[in-house]
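Presented below is the structure to which this report refers.
Keep in mind it's a predicted model, so treat the numbers as computed, not measured. Only this structure's heavy atoms are used, side chains among them; waters, hydrogens and symmetry mates stay out.
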Amino acid sequence: MLDQSINESSLKYIINDFEKKVKFKDDFSEGDDAVVCKLLQEFSKNQPFPPLEVIKVRKKTAYKVCDIYSYYLLKRLNFTFKTINSLKQANRNEIVSSIVALIKDKRPYNIIRLDIKDFYESIDRNTILQSIEQDIAYSESTTNILRKWFNCFEASKVSGLPRGLSISASLAEYYLREFDESTRRIDDVFYYARFVDDIIVFTTRTEYEIIATLENNLPLGLKFHSKNSKRAVIEVPIEHKSNNENLSFDYLGYEFTITIIGKKLETRVDFSNVKINGIKTKIIKALLDFERTSDFVLLKSRLSFLTHNYYIHNKYRDTKIRSGIYYNYLFISHPLQCRLNDLDSFMRNLLFNKSLCKRIIGQNHSLSNEQCKILIKMNFSKGYNNKLFHKFGYRKMMQIKSCWGF
């Protein structure tokens with residue numbers, strides 16, 4: 001059995017440089033040993049975890065722990081849980097790469113896209129706890145800590161699993177593991193992927209058969225969205241003998257388009273309209289915040305963040321990963337003729353077309369001509385096609401995101 005105990009070595013193992021130098025810099029001023037000693041002292045008291053703090057993330061209610069003790073106890077539990085179950089979230093780039101290859105297939109098939117409604121909030125904690133209590137892979141100590149956390153969730157009035165906590169993502173993957181396995185075993189399903197709550201299926205069977213089977217296999221409490229914006233069924237014929245036919249669907253921030261011209265098939269991958277509109281909203285919010293604060297340096301940083309690429313810290317591996325306008329959307333098929341041009345035009349109009357600016361944000365901006373000339377140099381198309389980078393520190397990044405509801 002994996003060593004699941006809470007002790008000096010197990011806690012030191014999960015502490016990384018980012019936490020010591022940035023996230024909990026003040027707490028680590030006296031060194032690792034002092035922090036670990038305090039953590040073990042708190043753990044020995046066997047007291048309930050304090051209630052979670054409520055935050056807003058993309059208009060959704062999310063949560064975070066309030067102290068360093070809760071943070072590391074939760075991190076240690078998550079490490080144990082992921083190690084035992086070999087859990088990891090699906091790789092977004094691998095999924096998109098597979099879809100790009102699959103839509104070039106000329107045989108007839110159906111593409112079914114589904115979304116689980118209120119995913120984290122609908123997961124049944126009792127089902128998870130009962131399953132873990134019956135699993136001999138988990139020690140009594142681990143089960144007791146999980147139970148304490150679930151009591152904390154209850155005291156914090158959390159439905160299901162709290163968004164924003166790393167343990168929630170791991171427990172959600174655990175909750176859906178049997179559903180994932182059963183879906184891949186369905187006859188005539190030749191590709192299945194799930195990224196958190198977004199599901200896509202490629203199959204030669206009818207949509208009704210597949211959706212009915214998937215709905216029947218969903219774990220307790222979960223159901224699919226019925227809204228058209230949250231589900232799509234694309235029927236791809238082997239050929240189209242009359243006019244050209246464009247078939248498109250959105251998934252993971254991309255729009256995939258299949259064009260059938262007789263026996264000829266062409267594909268295109270672009271940014272989805274939803275993604276583009278989301279970026280436009282961020283530009284507007286950044287401009288409105290400037291009108292409130294007159295902080296031009298911060299506005300410039302925000303637009304640079306949106307139009308450039310940057311490194312972010314991977315807190316699980318203590319490494320840096322590339323992110324930003326290019327690295328988050330590697331698979332755009334026609335980068336010189338994509339929707340980024342629309343974003344550049346939108347930003348140009350906001351800066352230099354006063355009547356349009358007033359119509360969009362409700363007022364004229366107070367930027368000077370010199371400031372507008374500085375900002376217009378930040379270009380989405382250039383940032384993407386030239387893979388331009390900008391460096392942002394952790395605290396600067398948090399300041400940048402503060403007006404967007406992260």
Which atom pairs, donor and acceptor, lie under 3.5 Å between side-chain atoms of residues 193-200 and protein residues at least two apart or in another chain?
residue, atom, partner, partner atom, Å
Arg194, NE, Asp180, OD1, 3.0
Arg194, NE, Asp180, OD2, 3.4
Arg194, NH1, Glu173, OE2, 3.2
Arg194, NH1, Val196, O, 2.8
Arg194, NH2, Glu173, OE1, 2.9
Arg194, NH2, Asp180, OD2, 2.7

*Considering only NZ, NE, NH1 and NH2 on the basic side and carboxylate oxygens on the acidic side, decide whether Glu266 and Lys264 come within less than 4.0 Å.*
yes

*Do any N or O atoms from the side chain of Ser29 and from the backbone of Lys25 form a donor-acceptor pair under 3.5 angstrom?*
no

*asked:* Within a 6.0 Å radius of atom CD on Glu178, are there more than 12 heavy atoms belonging to other residues, nucleotides or ligands?
replied: no

*Is there side-chain contact between Pro162 and Ser168, with at least one heavy-atom pair below 4.5 Å?*
yes

*Answer yes or no: does atom NZ of Lys280 have more than 12 heavy-atom neighbours from other residues, nucleotides or ligands under 6.0 Å?*
yes

_Rounded at 0.5 Å granularity, tell me how far CD1 in Ile374 sits from CG in Leu367._
10.0 Å

_Exceeds 12 heavy-atom contacts within 6.0 angstrom, atom OH of Tyr13_ = no

*Can you tell if the side chain of Ile325 reaches within under 4.5 Å of the side chain of Leu388, non-hydrogen atoms only?*
no

*With under 30° as parallel and over 60° as perpendicular, where do the rings of Phe271 and Tyr329 fit, or are they tilted in between?*
tilted

_Within residues 4-15 or reaching into it, pairs that qualify as salt bridge (charged side-chain N to carboxylate O under 4.0 Å, His left out) - sequence neighbours excluded_ = Glu8-Lys12, Lys12-Asp33

*Looking at OG of Ser333 and CZ of Phe256, how far apart are the two atoms once the value is rounded to the nearest 0.5 Å?*
10.0 Å

*Give me the ring orientation class for Phe296 and Phe290: parallel if the planes are under 30° apart, tilted from 30 to 60°, perpendicular past 60°.*
perpendicular

*Would a 4.5 Å heavy-atom cut-off, applied to side chains only, mark Lys148 and Asn144 as touching?*
no

*Taking the side chain as every heavy atom from C-beta outward, state whether Ile234 and Ile112 have any pair of such atoms under 4.5 Å apart.*
no

_Using a strict threshold of under 4.0 Å (side-chain N to carboxylate O), is an ion pair present between Lys23 and Glu19?_
no

*Apply the test side chain to side chain donor-acceptor pair (under 3.5 Å) to residues Ser139 and Thr142: give CA-CA distance (whole Å), side-chain angles for both, the deciding distance (0.1 Å), then the verdict.*
CA-CA 5 Å; Ser139 68; Thr142 295; 3.2 Å; yes

*asked:* Treating Arg76 as the side-chain partner and Leu11 as the backbone partner, does any N or O pair qualify as donor plus acceptor under 3.5 Å?
replied: no

*Crowding at CD, Gln363 (>12 non-hydrogen neighbours, <6.0 Å)*: yes

*If only atom types and distance count, is the side chain of His334 paired as donor or acceptor with the main-chain N or O of Val269 below 3.5 Å?*
no

*Any chance you could lay out the side chain to side chain donor-acceptor pair (under 3.5 Å) test for Gln4 and Ser141, step after step, and finish with the verdict?*
CA-CA 8 Å; Gln4 301 166 44; Ser141 172; over 6 Å; no

*Examine distances only and state if a side-chain atom of Gln371 and a backbone atom of Ser368 form a donor-acceptor pair shorter than 3.5 Å.*
yes

*Could you give me the CA-CA distance, side-chain angles and deciding distance for Ile123 and Leu171, then say whether side-chain contact (heavy atoms from CB on, under 4.5 Å) is met?*
CA-CA 9 Å; Ile123 291 173; Leu171 291 173; over 6 Å; no

*Going through the distances and angles, do Asp115 and Arg231 end up as a side-chain contact (heavy atoms from CB on, under 4.5 Å)?*
CA-CA 6 Å; Asp115 182 274; Arg231 66 161 64 195; over 6 Å; no

*Taking the side chain as C-beta and beyond, is there a heavy-atom pair between Leu330 and Tyr327 under 4.5 Å?*
yes

_Rounded distance [0.5 Å steps], CZ in Arg113 versus CZ in Phe224_ = 12.0 Å

*Quick one: sort the Phe392 and His390 rings into parallel, tilted or perpendicular, breaks at 30° and 60°.*
parallel

*Would you check, one step at a time, whether the test salt bridge (Lys or Arg N to Asp or Glu O under 4.0 Å) holds for Arg302 with Asp289?*
CA-CA 11 Å; Arg302 283 173 170 153; Asp289 193 68; 2.7 Å; yes

_Using a 3.5 Å distance criterion without hydrogens, assess whether the side chain of Thr204 forms a donor-acceptor pair with backbone atoms of Tyr109._
no

*Donor-acceptor contact present, side-chain Ser122 to main-chain Phe119, <3.5 Å*: no

*Residue list, side-chain contact (heavy atoms from CB on, under 4.5 Å) with Asn85, at least two apart or on another chain*: Phe81, Leu87, Tyr138, Tyr174

*asked:* Any heavy-atom pair between the side chains of Leu176 and Pro219 that's under 4.5 Å?
replied: yes

*Electrostatic pair Arg125-Glu154, nearest N-O below 4.0 angstrom*: yes

*Minimum heavy-atom distance between Ile84 and Ala137, given as atom pair plus value*: CD1-O, 3.6 Å

_Heavy-atom closest contact (Lys104 atom, Thr267 atom, distance)_ = CE-OG1, 3.9 Å

*Considering only NZ, NE, NH1 and NH2 on the basic side and carboxylate oxygens on the acidic side, decide whether Asp27 and Lys20 come within less than 4.0 Å.*
no

_So which atom in Lys354 and which in Asn364 form the shortest heavy-atom distance, rounded to 0.1 Å?_
O-OD1, 3.0 Å

*asked:* I'd like to know if Lys275 pairs up with Glu255 as an ion pair, taking the criterion as any Lys NZ or Arg NE/NH1/NH2 lying under 4.0 Å from an Asp or Glu carboxylate oxygen.
replied: no

*Tell me, yes or no, whether the heavy-atom count around Lys396 atom NZ, taken from other residues, nucleotides or ligands under 6.0 Å, exceeds 12.*
yes

*With the threshold set at 4.0 Å, does a side-chain nitrogen-carboxylate oxygen contact exist between Lys60 and Glu121?*
no

*Side chains of Cys152 and Trp149 in contact at under 4.5 Å (non-hydrogen atoms)*: yes

*asked:* Rounded to the nearest 0.5 Å, what separates atom CG in Asn78 from atom OH in Tyr72?
replied: 14.0 Å

*Find out whether Leu298 and Gln399 are in side-chain contact, i.e. whether some heavy atom of one side chain is under 4.5 Å from a heavy atom of the other.*
yes

*Give the intermediate values and the outcome of side-chain contact (heavy atoms from CB on, under 4.5 Å) for residues Tyr69 and Leu40.*
CA-CA 9 Å; Tyr69 165 67; Leu40 291 173; over 6 Å; no

*Is the count of non-hydrogen atoms from other residues, nucleotides or ligands lying under 6.0 Å from Lys382 atom NZ greater than 12?*
no

*Check Arg177 against Ser131 and note the closest heavy-atom contact, atom names and distance.*
NH2-OG, 3.9 Å

_Donor-acceptor pair, distance only, cut-off 3.5 Å: does the side chain of Ser86 make one with the backbone of Lys82?_
no

*Is Tyr384 reaching over with its side chain to a backbone N or O of Asn379, donor-acceptor style, under 3.5 angstrom?*
no

_Criterion side chain to side chain donor-acceptor pair (under 3.5 Å) on Arg205 and Asn110, from CA distance to verdict_ = CA-CA 7 Å; Arg205 291 174 64 179; Asn110 291 321; over 6 Å; no

_Does Tyr71 form a ring pair (Phe, Tyr, Trp, His ring centres under 6.0 Å) with Phe24? I'd like the steps, not just the answer._
CA-CA 11 Å; Tyr71 175 88; Phe24 299 116; 4.9 Å; yes

*asked:* Pairing donors with acceptors under 3.5 angstrom, does anything connect the side chains of Thr257 and Asn246?
replied: no

*What distance do Leu102 atom CG and Phe202 atom CZ have between them, rounded to the nearest 0.5 Å?*
5.0 Å

